[in-house]
*Asks:* 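Here it is, the structure, as structure tokens.
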Amino acid sequence: MDKKTVKTAYIGLLSALSLGIYALESLIPPVLPIPGIKPGLSNIITLYALRKPGKKEAALILTVRILLSGLLFGNVLSVLYSFAGGYAALFTELICDFLLKRKHLYLTGAFGGLFHNLFQLIAAFFLMGSAYVFSYMPYLAISGIITGLFTGLAAHYLLKVRIPSHPL
Amino acid sequence: MKTEKNREKITFFIMTGILLMTALISLAFILMKGSESGRTTVIISEGKVIGRYDLDLMEGEKRITVQPEGSRGFNEILISKEGVCITDSDCKGKDCIKTGTISHFGETIACLPNRLIITITSDDEYSGYDARTY
């Protein structure tokens, strides 16, 4: 098999995994009655993809996941929120991973979670037309950091696992 | 080699510091609650103020149904001296109902699908807006 085919299949696999995790996560009942607080488990795949296939592929996997999840479970609004949060997290994680020289992935994850929530609130500000949405910021900042630490650690241990006949 | 390791350590501590500071400031905001007089609830639907009520002057209960023109989504709001809550909504997540009753300054109920925000402010805030009573 040539390398390109393997890579395409690998991206498809990770996208499907990300979508699956996203779907499963939406079944978990919310712990707090504040919109936007959720585990963000598909961030594990984003962090993993950032390291293993690369940043371009990570962006591709994220885009596929957002569009498909919007098509399957959401609407135009939820896609807009996902894009704002997802890309904010991806860019933050890219910069953090560079600054930390590919170490301490849990810190990268925490920053990703924080900026995911921050940019979703900014999106909510534009869509709702009211600055009062920012009163949620303290709750969302803390939840973003905690869930980000968790998904970062999860991605860290996932990257340690040696998958037999790993294509990349 | 040594300076590079030091630099890595510094980056690590700065980033951990930023996260800790953000968390602490957020916690301070959550725990901070101001005085309790002059509470005014402002109801904002689709970016427009559609109602303002002084909670301390409320007598009995007041029920309001918000349904913007050309929209299927509705929310039922209950206002009393004790606070404001959403009692019914046709949105999917029902986060707005689960938020429960708000009564302190700065507390907010949001229904993202129906683009509705209810918040509690002091009297003088929001006076620049073209507000009218529902």
Side-chain angles (χ1 to χ4, degrees), chain A residues 26 29-38 73-75 77-78 80-81 92 95-104 106-115 117-118 120-121 123-146 148-149 152, chain B residues 4-5 7-32 42-49 85-86 91-100 102 104-121 125-126 129:
Chain A
S26 66
V31 190
L32 287 166
I34 294 167
I37 289 188
K38 55 176 186 171
F73 324 107
N75 48 41
L77 268 183
S78 64
L80 279 176
Y81 281 118
T92 316
I95 294 164
C96 284
D97 211 32
F98 172 74
L99 286 176
L100 289 165
K101 298 206 168 73
R102 303 204 136 204
K103 281 178 187 161
H104 311 295
Y106 53 94
L107 274 186
T108 304
F111 269 97
L114 178 64
F115 277 84
N117 285 357
L118 176 65
Q120 267 197 341
L121 261 190
F125 167 65
F126 283 112
L127 289 167
M128 308 274 285
S130 166
Y132 281 122
V133 289
F134 287 111
S135 62
Y136 284 126
M137 193 57 220
Y139 301 94
L140 288 178
I142 289 175
S143 87
I145 290 171
I146 292 171
L149 279 174
Chain B
E4 200 168 301
K5 251 198 166 159
R7 203 173 293 153
E8 264 177 44
K9 258 190 181 164
I10 290 166
T11 325
F12 174 76
F13 282 121
I14 289 175
M15 292 181 91
T16 318
I18 293 171
L19 285 178
L20 274 177
M21 283 296 279
T22 318
L24 282 177
I25 292 169
S26 304
L27 209 63
F29 265 104
I30 291 171
L31 296 175
M32 224 166 46
V42 181
I43 300 166
I44 303 159
S45 172
E46 306 198 316
K48 273 176 262 164
V49 177
C85 64
I86 292 184
C91 61
K92 222 175 164 184
K94 306 261 190 264
D95 279 332
C96 50
I97 300 173
K98 287 179 207 149
T99 305
I102 57 167
H104 300 286
F105 280 122
E107 285 186 323
T108 302
I109 307 176
C111 185
L112 296 181
N114 292 346
R115 304 218 300 152
L116 177 79
I117 288 185
I118 302 168
T119 189
I120 294 177
T121 63
E125 268 181 88
Y126 243 93
Y129 281 74

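Chain A is the first sequence line, chain B the second, and so forth, proteins listed ahead of strands; every chain is numbered from 1. Because only heavy atoms are used, hydrogens play no part in the values below, and waters and symmetry mates are left out as well, while side chains stay in.
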*Asks:* Decide if atom CZ of A:F73 counts as having more than 12 heavy atoms of other residues, nucleotides or ligands within a radius under 6.0 Å.
*Replies:*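 Buried by this count: over 12 neighbours within 6.0 Å.
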
*Asks:* Go through the atoms of B:K94 and report whether side chain, backbone, both or neither lie under 4.5 Å from a heavy atom of chain A.
*Replies:*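 Neither; nothing under 4.5 Å.
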
*Asks:* Can you tell which of A:L77, A:N75, A:L127 has the highest number of heavy-atom pairs within less than 4.5 Å of chain B?
*Replies:*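 The residue among A:L77, A:N75, A:L127 with the greatest pair count is A:L127.
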
*Asks:* Sort A:L99 into side chain, backbone, both or neither according to what part of it lies under 4.5 angstrom from a heavy atom of chain B.
*Replies:*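 Both backbone and side chain of A:L99 come within 4.5 Å of chain B.
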
*Asks:* Can you tell me if NZ on B:K98 sees more than 12 non-hydrogen neighbours from other groups inside 6.0 Å?
*Replies:*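 Enclosed.
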
*Asks:* Among residues at least two apart in sequence or on other chains, which ones pass side-chain hydrogen bond (donor to acceptor under 3.5 Å, both in side chains) with B:D95?
*Replies:*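 With sequence neighbours excluded, B:D95 shows a side-chain hydrogen bond (donor to acceptor under 3.5 Å, both in side chains) to no residue whatsoever.
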
*Asks:* Classify the angle between the aromatic ring planes of B:F12 and A:Y106 as parallel (below 30°), tilted (30 to 60°) or perpendicular (above 60°).
*Replies:*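 Taking A:Y106 first and then B:F12, their aromatic rings stand perpendicular (interplane angle over 60°).
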
*Asks:* Closest approach of B:T16 and A:L107, non-hydrogen atoms and distance?
*Replies:*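 Shortest heavy-atom separation between B:T16 and A:L107 comes out as OG1-CD1, 3.8 Å.
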
*Asks:* Return the set of residues passing ring pair (Phe, Tyr, Trp, His ring centres under 6.0 Å) with A:F126 (not counting sequence neighbours), or none when no residue passes.
*Replies:*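 For A:F126 there are no ring pair (Phe, Tyr, Trp, His ring centres under 6.0 Å) partners, ignoring immediate neighbours.
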
*Asks:* Indicate the atoms forming the closest heavy-atom contact of A:Y136 with B:A110, along with that distance.
*Replies:*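 Looking at all heavy atoms of both residues, the closest pair is OH-N, 3.0 Å.
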
*Asks:* Is chain A contacted by the side chain of B:C111, its backbone, both, or neither, given a heavy-atom distance below 4.5 Å?
*Replies:*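 Only the backbone of B:C111 comes within 4.5 Å of chain A.
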
*Asks:* State the CE-CD1 distance between A:M137 and B:I25, to the nearest 0.5 angstrom.
*Replies:*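 Going from the CE atom of A:M137 to the CD1 atom of B:I25 covers 11.0 Å.
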
*Asks:* Between B:E8 and chain A, with a heavy-atom cut-off of 4.5 Å, which part of the residue counts as in contact: side chain, backbone, both or neither?
*Replies:*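 Side chain only.
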
*Asks:* Answer with side chain, backbone, both or neither: which region of A:Y139 has an atom nearer than 4.5 Å to a non-hydrogen atom of chain B?
*Replies:*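 A:Y139 touches chain B through backbone and side-chain heavy atoms alike.
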
*Asks:* Give a yes or no on this: more than 12 heavy atoms of other residues, nucleotides or ligands lie within 6.0 Å of atom NZ of A:K101.
*Replies:*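 Result for NZ/A:K101: enclosed.
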
*Asks:* Does any part of the side chain of A:I142, heavy atoms only, come nearer than 4.5 Å to the side chain of B:I30, both counted from C-beta?
*Replies:*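 They are in side-chain contact.
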
*Asks:* Using heavy-atom distances under 4.5 Å, tell me whether B:L116 contacts chain A through its side chain, its backbone, both, or neither.
*Replies:*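 The backbone, not the side chain.
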
*Asks:* Working to the nearest 0.5 Å, report the span between CD1 of A:I145 and OG1 of B:T22.
*Replies:*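 If we round to the nearest 0.5 Å, A:I145:CD1 and B:T22:OG1 are 5.0 Å apart.
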
*Asks:* Please report the interatomic distance OG(A:S135) to CD1(B:I102), rounded to the nearest 0.5 Å.
*Replies:*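 Spacing of OG (A:S135) from CD1 (B:I102) equals 8.5 Å.
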
